[in-house]
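What follows is a short report on a single structure.
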Amino acid sequence: MPERILEPTPGQTVGPFFAFGVEYPRMHEVVFPHSPGAIVLGGTVYDGAGHPIPDALVEIWSADAHGVVSRHRGALRRDGHTFTGFGRSATTDEGWYEFWTVNPGAVDGRAPFFAAIVYARGLPDKLHTRIYLPDDEELLAADPLLSSLPPEERATLVATRTPDGHLHHDIRLQGAKETVFLAF
Amino acid sequence: MSTTETAAAPESLLAAPDQASQAEITAEIRATHEQADALEAGGRRVPMTLVDFPPYRSSILRHPTKNPRLVDPETIELWSPAYGQRDVAAIESDLTLQHSGEPQGERMTVQGRLLDSWGRPLANQLIEIWQANSAGRYIHQRDQHPAPLDPNFTGAGRAITDEHGEYRFTTIKPGPYPWKNHVNAWRPAHIHFSVFGSAFTQRLVTQMYFPGDPLFALDPIYNTIRRQRDRDRLIGVYDHDLTVPEFSMGYRWDIVVDGPDATRFEREEEH
């Protein structure tokens, strides 16, 4: 493998006033709401004092229900039916983010998850994490990342299935149940 | 967690409770950089951007305390959303043409290339920018400092990189922006950039600055990047070739997205 020749551009905070720069219509609707197979993935982003963060931004990127990584354009201008895999949600005043999406299928036979990135005012750089589906215990047990973590850290990466089939997943930037964040 | 807990009004969170002086903040910046240097000298891997950076007061409760977990990217993380030239209209990259009249301020072109760590141009990637107007005021409703809004300037734009990885925006130079991190805190003039790469791991949100800004040494956000040589890469370069006679100034700013390592080359060989 060749050596890197350029130094990367450092990241900075998304700042306080990003909404007018990054928002676009239906940005959190990875699939059309209530369409067959559609679920809500939602949760609260918390700070180290346990307070919700009203100025955070969450992005997800995942395979489709069959585990296929979409190469379709259209994440920016939704046509209401093309699955592009990408969504963006700014938190509400109560720190709540949510997406309409589908349960991603397993890619390469691995435990399915949403790749996720969190940004916030006060957070100096992006944070990568994963939001795993809770359903397939066997795949979860075989996952290299999850199986390397103690149970309390593993729990921060696995969403909760709600009785109506949706997914709930809180993200904690700091504190006792701090979400596990990733470097590649 | 009780569901009845209500969030504080976001505006009320913008002012740091202690309101330190600039001298105190500047001393904290220096001390935090020295601590990071010492950690690195002791053999620790220290990131370019320090997320634990107390002089940036709102970071205190919003940064992870554990080191990020180093993982091999999975397949999905080695791809990123697909964009193309037609996803963005040409006018979206000209922030001076979005209203019926001309915005106030110094017109300029900001142009550059999006590259990966190996110097390869990244075509068809989405770049989003947002910024304050020439008086340093954001159009965002929570920005309430008493500088004028400009009815002819929103301050948001988008572009898709061309086959050479080039992007180009026409805009006006943003003004310095006062904030409430400490007493008499001012951000150096900057443009926010959001950049997609060809892998989700390369995703980058950052800020571009302008050469010679006297506020650099005073600004906790700019200084969350601990080394001078890394901070320098956030500063656009004045480029006379990008100016337009009797019309606009020009700055060149190349963006380099990071990694990922081996797997990326393996993937490309499959195609």
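Predicted model, so just to flag it, every value in this text is computed and none were measured. Every chain is numbered from 1 and lettered A, B, ... according to where its sequence line falls, protein lines coming before strand lines.
Annotation: maximal heavy-atom pairing with chain B below 4.5 Å, among A:G21, A:G48, A:A183, occurs at A:A183. The most heavy-atom pairs under 4.5 Å with chain B, out of A:E153, A:R110, A:E7, come from A:E7. Ranking B:H190, B:R57, B:H192 against chain A, the residue ahead of the rest is B:H192, based on heavy-atom pairs under 4.5 Å. Ranked by heavy-atom pairs under 4.5 Å with chain A, the first of B:P64, B:G84, B:G155 is B:P64. For the set A:T129, A:V22, A:T44, the entry with the most heavy-atom pairs within less than 4.5 Å of chain B is A:V22. In terms of heavy-atom pairs under 4.5 angstrom with chain A, the leader among B:R231, B:R62, B:H140, B:K66 is B:R62. Counting heavy-atom pairs under 4.5 Å between each of A:F184, A:F113, A:F18, A:F86 and chain B puts A:F184 at the top. Interface check for chain A: of the options B:P68, B:S117, B:S59, the most heavy-atom pairs under 4.5 Å are formed by B:S117. Listed options A:G15, A:P144, A:S62 were ranked by heavy-atom pairs under 4.5 angstrom with chain B; first place goes to A:S62. Across B:Y56, B:F200, B:F53, the residue that shares the most heavy-atom pairs under 4.5 angstrom with chain A is B:F200. Interface remark: of the candidates B:D254, B:N124, B:I139, B:I129, B:I139 forms the most heavy-atom pairs closer than 4.5 Å to chain A. Among A:A120, A:A56, A:A115, A:G175, the residue with the largest count of heavy-atom pairs under 4.5 Å with chain B is A:A115.
Heavy atoms closer than 4.5 Å to chain A are found in both the backbone and the side chain of B:T201. At a 4.5 Å heavy-atom cutoff, the contact between B:L126 and chain A is made by side-chain atoms alone. A:D125 touches chain B through backbone and side chain together, each having a heavy atom under 4.5 Å away. Residue B:V195 does not touch chain A at all, counting heavy-atom pairs closer than 4.5 Å. For chain A, the nearby parts of B:E74 are the backbone and the side chain; heavy atoms of each come within less than 4.5 Å. Heavy atoms of A:V14 lying under 4.5 Å from chain B belong to its backbone as well as its side chain. Only the backbone of B:I60 has a heavy atom closer than 4.5 Å to any heavy atom of chain A. Proximity to chain B (any heavy atom under 4.5 Å) is shown, for A:R71, by both the backbone and the side chain. Of the atoms belonging to B:I221, heavy atoms from both backbone and side chain fall under 4.5 Å from chain A. Contacts of B:E128 with chain A are made by side-chain atoms alone, with heavy-atom separations under 4.5 Å and no backbone atom involved. With a 4.5 angstrom heavy-atom cutoff, A:H128 touches chain B only via side-chain atoms. Interface residue A:Y119: only side-chain heavy atoms are found under 4.5 Å from chain B.
Taking both residues in full, the closest heavy atoms of A:L167 and A:P134 are given as CD2-CD, 3.7 Å, listed atom of the first, atom of the second, then distance. Residues B:T161 and B:L122 come closest through the heavy atom pair OG1-O, 2.8 Å. Closest approach of A:V69 and A:W61 over heavy atoms only: CG1-CZ2, 3.9 Å.
Below 30°, between 30° and 60°, or above 60°: for B:W253 and B:F193 the angle between ring planes is above 60°, a perpendicular geometry. Using bins of under 30°, 30° to 60° and over 60° for the plane-to-plane angle, the ring pair B:Y138/A:F17 lands in the tilted bin.
Ring centers of A:H168 and A:W96: under 6.0 Å apart, within the cut-off. Here B:W179 and B:H145 keep their ring centres 6.0 angstrom or further from each other.
Here the options are A:E98, A:E59, A:E29, the test is salt bridge (charged side-chain N to carboxylate O under 4.0 Å, His left out), and the partner is A:R88; only A:E59 passes.
To the nearest 0.5 angstrom, A:I60 atom CD1 is 11.5 Å from A:I117 atom CD1.
Using a distance-only test at 3.5 Å, with no hydrogens or angles considered, no donor-acceptor pair links the side chain of B:T49 to the main chain of B:T224. Using modelled atom types, no side-chain atom of A:T9 and backbone atom of B:I255 make a donor-acceptor pair closer than 3.5 Å. Here the side chain of A:T179 pairs a donor or acceptor atom with the backbone of A:R172 at under 3.5 angstrom. Side chain of B:S93 to backbone of B:A159: no donor-acceptor contact under 3.5 angstrom is found.
Other residues, nucleotides and ligands contribute at most 12 non-hydrogen atoms within 6.0 Å of the NE2 atom of A:H66.
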